[in-house]
Structures are given as structure tokens and as C-alpha cells.
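One structure is given here, and the rest of the page talks about it.
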Amino acid sequence: DGGITQSPKYLFRKEGQNVTLSCEQNLNHDAMYWYRQDPGQGLRLIYYSQIVNDFQKGDIAEGYSVSREKKESFPLTVTSAQKNPTAFYLCASSGGGAAGANVLTFGAGSRLTVL
Amino acid sequence: AQSVSQHNHHVILSEAASLELGCNYSYGGTVNLFWYVQYPGQHLQLLLKYFSGDPLVKGIKGFEAEFIKSKFSFNLRKPSVQWSDTAEYFCAAYTGFQKLVFGTGTRLLVSP
């Protein structure tokens with residue numbers, strides 16, 4: 001079945017450590033996104049990528065970095081510069097022409113807790 | 001900047017009650033609108049979408065939403081909720097700047 005795989009599902013890290021969250025899709029979608037979900041704040045866009053080797057900052061990119069070396073993969077690194085990294089991180093992708101271009105398919109999410 | 005507002009953060013209803021969740025967006029141009037739902041322990045998934053045409057759109061599980069351009073609104077409705085509708089609901093808008101903007105979400109609890 002096609003979909004988005006995020007790993008790990010749960011991650012605990014000490015303050016000051018960088019962590020990388022994996023996101024892989026087999027939907028052949030061009031666009032991929034990283035959102036952060038916090039209670040009462042909805043989903044906020046961290047980074048997005050429309051094509052391979054290109055990505056753009058979202059609304060809350062500070063303290064995060066991404067890469068898009070392959071169409072299927074869009075890993076997110078939460079750096080030590082991110083002041084409040086404990087959150088639920090969602091990866092999404094979209095594709096399929098004009099009608100489907102804005103419809104996002106989401107992964108199951110990764111919950112990061114910084115101790 | 002474009003924004004999406006959801007006025008109800010928590011809604012509690014009894015089964016068979018009618019539901020209406022408010023959503024307003026701030027953008028004067030062409031906009032694509034969405035409702036996504038996150039059931040407990042499940043992925044976020046698309047409930048319904050509006051791109052153009054009939055402003056009353058129907059989605060899965062008996063949900064519908066009405067796009068009212070003059071009010072910048074896209075409210076979600078269901079005539080009779082079920083316990084299985086307990087979830088968090090997110091309104092979202094795409095305004096052509098290559099990103100989807102989400103509202104803060106509404107947690108719906110349906111008591112049996």
C-alpha cells in the first residue's frame with residue numbers, strides 16, 4: 001500500500017542533542033512537508049519541498065533543517081538551536097496534478113520529547 | 001499573512017445532536033479549502049475539500065461544508081453525530097503560495 005512512513009514513532013533526547021526524523025513516501029508525490037503539532041496551536045509548517053534538491057522555509061523554520069536528495073525522502077533535523085523541540089512532528093506529501101496538488105497525505109507522526 | 005481561524009476549541013455533544021464547526025480564513029483571492037480529521041490514534045486524513053463550483057461540498061461519513069465567500073467562511077456540518085465522530089478537526093486553506101495553512105483545530109467529544 002502506498003503511504004508515508006515516519007520513524008521513529010517515539011524519540012527521547014537530551015537537551016543540546018540534534019535529532020533527525022525520517023520521512024519516506026512511496027506515492028511518487030513531488031511535494032513534501034513537515035509540520036509541527038502542538039496542543040491548541042494546530043499544525044504549523046516547518047519546511048516544505050516542491051521538488052528534489054529544493055526546499056523552502058515555512059513559518060517556524062528556526063532551529064530545524066531538512067534535505068531533499070531523493071524524491072521519496074525528506075528527513076527533518078531538529079537542532080540544538082530549537083528552543084522548544086518537544087512536540088509531535090508530522091510529515092506529509094502531495095501530488096497528482098491540479099486537483100490533488102493541495103491534498104495532503106500524512107504520516108503517523110513522530111513524537112519527540114527532549115529531557 | 002494568510003490565516004485560518006477556528007473559533008471552537010472544544011465541543012462536547014451527545015449522540016444524534018447536530019454539529020457545526022466554524023472556520024474563517026483571511027485571504028481575498030482564490031482559495032482552496034479543506035477539512036481534515038484526526039481520529040484518536042490515527043493519521044490525519046482528508047474529510048472534504050472545496051476548489052470551485054457548488055459551494056456546498058459533501059465529504060466522507062456524512063459530513064458537509066459550505067463555502068460562503070462573502071463571509072470568508074467554510075463551516076463544517078453534520079446533522080447527527082455519532083460516538084465514532086470523536087476526533088480533532090482541522091480547517092485548512094491553500095492560497096497559492098505553495099503552502100497549506102491550518103487552523104488551530106477543534107476537539108470534538110461525542111458522548112454515547
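Below, read A as the first sequence line, B as the second, and so on, with proteins coming before strands; counting in each chain starts at 1. Small disclaimer: the values here were computed from a predicted structure and weren't measured.
- Between the NE2 atom in H43(B) and the CD atom in Q6(A) there is a gap of 8.0 Å [rounded to 0.5 Å].
- Two different hydrophobic clusters hold L44(B) and L112(A) under the rule that ILVMFWY side chains link at heavy-atom gaps under 4.5 Å.
- A 6.0 Å sphere centred on CG of L56(B) holds more than 12 heavy atoms belonging to other residues, nucleotides or ligands.
- I4(A) and Y48(A) end up in different hydrophobic clusters when Ile, Leu, Val, Met, Phe, Trp and Tyr side chains are linked at under 4.5 Å.
- Distance CG/L100(B) to OH/Y33(A): 7.5 Å, rounded to 0.5 Å.
- Close approach to chain B, defined as a heavy atom under 4.5 Å from one of its heavy atoms, is seen in D59(A) of residues 51-81 of chain A, taken by number.
- I60(B) and W35(B) fall within a single hydrophobic cluster, where Ile, Leu, Val, Met, Phe, Trp and Tyr side chains are chained together by heavy-atom contacts under 4.5 Å.
- In the hydrophobic clustering of this structure, V57(B) does not group with I68(B); members are Ile, Leu, Val, Met, Phe, Trp, Tyr whose side-chain heavy atoms approach within less than 4.5 Å, directly or through other members.
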Report the C-alpha separation of F90(B) and Q37(A) in whole Å, then their side-chain angles, then the decisive distance to 0.1 Å, and conclude whether the side-chain contact (heavy atoms from CB on, under 4.5 Å) test is met. CA-CA 11 Å; F90(B) 294 92; Q37(A) 186 178 7; 3.3 Å; yes
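- With a 4.5 Å cut-off on non-hydrogen atoms, L46(B) touches chain A through its side chain but not through its backbone.
- Ranked by heavy-atom pairs under 4.5 Å with chain A, the first of Q45(B), R107(B), Q38(B), Q6(B) is Q38(B).
- No single ILVMFWY cluster, assembled from side-chain heavy atoms under 4.5 Å apart, contains both M32(A) and F34(B).
- With values rounded to the nearest 0.5 angstrom, R44(A) atom CZ is found 13.5 Å from F102(B) atom CZ.
- Looking only at distances, a side-chain donor or acceptor of Y36(B) sits under 3.5 Å from a matching main-chain atom of L104(A).
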